[in-house]
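Worksheet for the structure shown next.
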Amino acid sequence: MKPMIKNKPINLAIVAAICGIAVTQFAYADLPTAFTNIGSIVNTRHNLNQGPLYQVVGQSVNPMNVGRNNYGEVCVYCHTPHGANQANGLVAPLWNRTIRVTNYQTYNELGTTTLTQDVLSTPGSASLTCLSCHDGQTAMDSIINMPGSGRGLVTQATTQDLTFLNSWNNGDVAPGSADTTNHMGFNSGYAPPPPGYRLGVGDGSDGVGCMTCHSEVGLVKTILGGNFADFRMANLGTDLRNDHPIGITFPAPPGSPSPDWNTPAGVKGASNFFDENSNGRMEKGEIRTYEGRVECASCHDPHGVPSAGVGTQFNPTFLRKSQSAGGVGSAVCLTCHVK
Ligand code: HEC
Ligand code: HEC
Ligand code: HEC
Ligand code: HEC
Ligand code: HEC
């Protein structure tokens, strides 16, 4: 077990020590992002090493090392070449992350009278992948197979094992000593910090995590008055009633025109896609369905999609298509909806 920060009541000296790393970065905090969003996922917020970030600000210590294992690789936070997650029928490309069995509140439970399509009680695989970080329940570093041989744990497919995660050392303590890395997720109390507030364990049991710093009223921010990128919008939680429906049937498969819906022309396996360039291939810039349903990855590509060809900046917020594509505001929405 790890001692130190975990389970310890708030100690300003510790917070200050942790944040000493961060203080010098305040100058960058007004920037929306320190990443270029060009060329590769490496240069986006989906690079969980945040490597380019501290290169840009000339840091010797990665400020995020306090909150998650730094595996020194980019893809590994989501993918593994072997032993991928297939628990509970998950169909996702070589998925390395923990996916908890979760009772989501889905959009249909909101009860709008206008909704016509059926919704899966558990979202499809192409949403569960995203939710493994964005529902806030699971630590960013909770994976099945860590880099190196013999460093996997099969039960990680559905449960987050802190002893296992603690076996990784970010390199900031001597070999053999206890690693002090916390395993944080988005599951943060960003409400005013309660007494005994501490940096979290990231398994949802304490409600504290990345938002300790990355929110308007994060503890560290309150104490230091600093600016941090605010991640609260990215923490969807498990109540999805206030999010665009996912796991929902797309009512207009190819060949069935509808006055309310555009019809995707492309077919690839169980996916239909809006074949924007009519080349018959499903490409990353093309909005699609999965098993006939709308999922997170229908609209987003987590690796980023260049806005205007190779080498250009990615569309904002990992969208497959820019809202301003074709000079139309809301181009993403109007791809599916006839409105
Ligand atoms: C001790 C405070 C602290 C904690 C905890 C923390 N961060 Fe950060 N983070 C920072 C600082 C400081 C920066 C640089 C300023 C900024 O961009 O917000 C930063 C920047 C980032 C950025 C880049 C923002 C951008 O686009 O420029 C990402 C992504 C990020 N953090 C992710 C995380 C994740 C994920 C966690 C939880 C596992 C986490 N951070 C926990 C302090 C923290
Ligand atoms: C933040 C999580 C995340 C990271 C990091 C990540 N991926 Fe992915 N990747 C995904 C998800 C989610 C999908 C499934 C997308 C879908 O449902 O269509 C995927 C799909 C893929 C696919 C197959 C489908 C496609 O879109 O081409 C490949 C290949 C792939 N990733 C390669 C990589 C490589 C190589 C890296 C590292 C450079 C990487 N990914 C990093 C989340 C990630
Ligand atoms: C390994 C954890 C992880 C996975 C898996 C993941 N994300 Fe993220 N995502 C993050 C972090 C960390 C951030 C930075 C927080 C922010 O930007 O507010 C982020 C940011 C985002 C953003 C905002 C980017 C911006 O520029 O503000 C979007 C959109 C997003 N993710 C969508 C997705 C989708 C869709 C998927 C699945 C296809 C996904 N993510 C999978 C961790 C993850
Ligand atoms: C129907 C299309 C669609 C679906 C499905 C969808 N999104 Fe989004 N998402 C968007 C659009 C469009 C934006 C940009 C909104 C904006 O610019 O304010 C966005 C923004 C985001 C952001 C950034 C929020 C912010 O303002 O910082 C995150 C994170 C995100 N989506 C994650 C997800 C996840 C996770 C899922 C699945 C649970 C999902 N999205 C499903 C269209 C979609
Ligand atoms: C991939 C196709 C797709 C995209 C892109 C898309 N939607 Fe949807 N949307 C759907 C489907 C399918 C439904 C469910 C409709 C139903 O059941 O009648 C839906 C439902 C909705 C609803 C709720 C309807 C209700 O009756 O409660 C709203 C509002 C909505 N979408 C707005 C948007 C907006 C705004 C955007 C762009 C940010 C967007 N959609 C992008 C497919 C899409």
Side-chain angles (χ1 to χ4, degrees), residues 15 18-19 21-26 28-29 31-35 37 44-48 50 52-54 56-57 59 63-68 77-78 95 97 107-108 110-119 126-134 138-143 182-186 188 199-200 202 209-214 218-221 226-236 244-245 248-252 260-262 264 274 287-289 293-304 314 316-321 323 330-337 339:
V15 172
I18 292 161
C19 298
I21 301 163
V23 177
T24 53
Q25 298 190 350
F26 289 166
Y28 289 82
L31 297 175
T33 180
F35 291 110
N37 282 317
T44 73
R45 287 184 173 176
H46 277 166
N47 175 351
L48 272 295
Q50 287 93 20
L53 173 80
Y54 73 102
V56 167
V57 296
Q59 298 275 323
M64 251 56 64
N65 278 0
V66 57
R68 52 101 191 86
Y77 289 90
C78 293
W95 199 244
R97 296 192 53 75
Y107 183 85
N108 53 316
L110 182 62
T112 59
T113 49
T114 40
L115 198 72
T116 60
Q117 305 302 307
D118 73 302
V119 177
S127 293
L128 292 177
T129 47
C130 314
L131 289 167
S132 71
C133 288
H134 285 279
T138 306
M140 292 293 155
D141 58 7
S142 189
I143 58 175
N182 293 267
H183 307 289
M184 295 181 177
F186 279 151
S188 238
L199 296 177
C210 308
M211 244 63 87
T212 306
C213 294
H214 287 286
L219 169 71
V220 175
K221 184 158 180 162
N227 286 312
F228 298 85
D230 187 338
F231 290 169
R232 282 177 292 175
M233 285 295 277
N235 184 15
L236 271 54
H244 189 282
I248 190 160
T249 302
F250 186 73
D260 293 320
W261 301 95
N262 292 315
F274 288 92
I287 286 174
R288 75 274 309 264
T289 62
R293 293 176 188 271
V294 179
E295 306 288 359
C296 308
S298 293
C299 300
H300 297 279
D301 181 324
H303 315 94
F314 294 142
T317 54
F318 298 111
L319 285 169
R320 293 197 181 273
K321 179 175 176 175
Q323 285 283 36
S330 300
V332 171
C333 318
L334 292 170
T335 301
C336 293
H337 293 273
K339 280 282 176 272

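Read the numbers this way: they start at 1 and go in the same order the structure lists the ligands and their atoms. Heads up: numbering here begins at 1 and tracks the sequence.
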Checklist entry - Sorted by chain and residue number, which protein N/O/S atoms are under 2.8 Å from atom 8 (Fe) of ligand 3? => result His46 NE2, His134 NE2

Checklist entry - Relative to atom 16 (C) of ligand 5, which among Asn108, Thr116, Thr249, Val294 owns the nearest non-hydrogen atom? => result Thr116

Checklist entry - Going by the order shown, which atoms of ligand 1 are within less than 4.0 Å of some heavy atom of Phe35? => result 23 (C), 26 (O)

Next on the checklist: Can you check which of Trp95, Phe231, Phe186 brings a heavy atom nearest to atom 11 (C) of ligand 3?
Outcome noted: Phe186

Checklist entry - Nearest non-hydrogen atom to atom 33 (C) of ligand 5 belongs to which of Gln117, His244, Lys321? => result His244

Checklist entry - Applying a 4.0 Å heavy-atom criterion (strictly less than), which segment of Cys78 is in contact with ligand 3: side chain, backbone, both, or neither? => result side chain

Item to check | Contact partition for Met140 relative to ligand 1, non-hydrogen atoms under 4.0 Å | outcome: side chain

Checklist outcome for this item: Looking only at non-hydrogen atoms, the one of Leu131, Asn47, Thr317, Asp301 nearest atom 26 (O) of ligand 3 is Thr317

Checklist outcome for this item: ligand 1 atoms nearer than 4.0 angstrom to some heavy atom of Ala34 are 25 (C), 26 (O), 27 (O)

Checklist outcome for this item: Per-atom filter on ligand 5: closer than 4.0 angstrom to a heavy atom of Cys299 are 5 (C)

Next on the checklist: What I want to know is whether Arg68 and ligand 1 share at least one N or O pair that is separated by under 3.5 angstrom.
Outcome noted: no

Item to check | Which of the ligand 1 atoms, numbered from 1, are nearer than 4.0 Å to a heavy atom of Met184 | outcome: 5 (C), 37 (C), 38 (C)

Checklist entry - Has His337 got an N/O/S atom less than 2.8 Å from atom 8 (Fe) of ligand 5? => result yes

Next on the checklist: Need the ligand 1 atom indices (1-based, order shown) with element for anything under 4.0 Å from a heavy-atom of Gly67.
Outcome noted: 38 (C)

Checklist entry - Of the backbone atoms (N, CA, C, O) and the side-chain heavy atoms from C-beta on, which set of Arg97 has a member under 4.0 Å from an atom of ligand 3: side chain, backbone, both, or neither? => result side chain

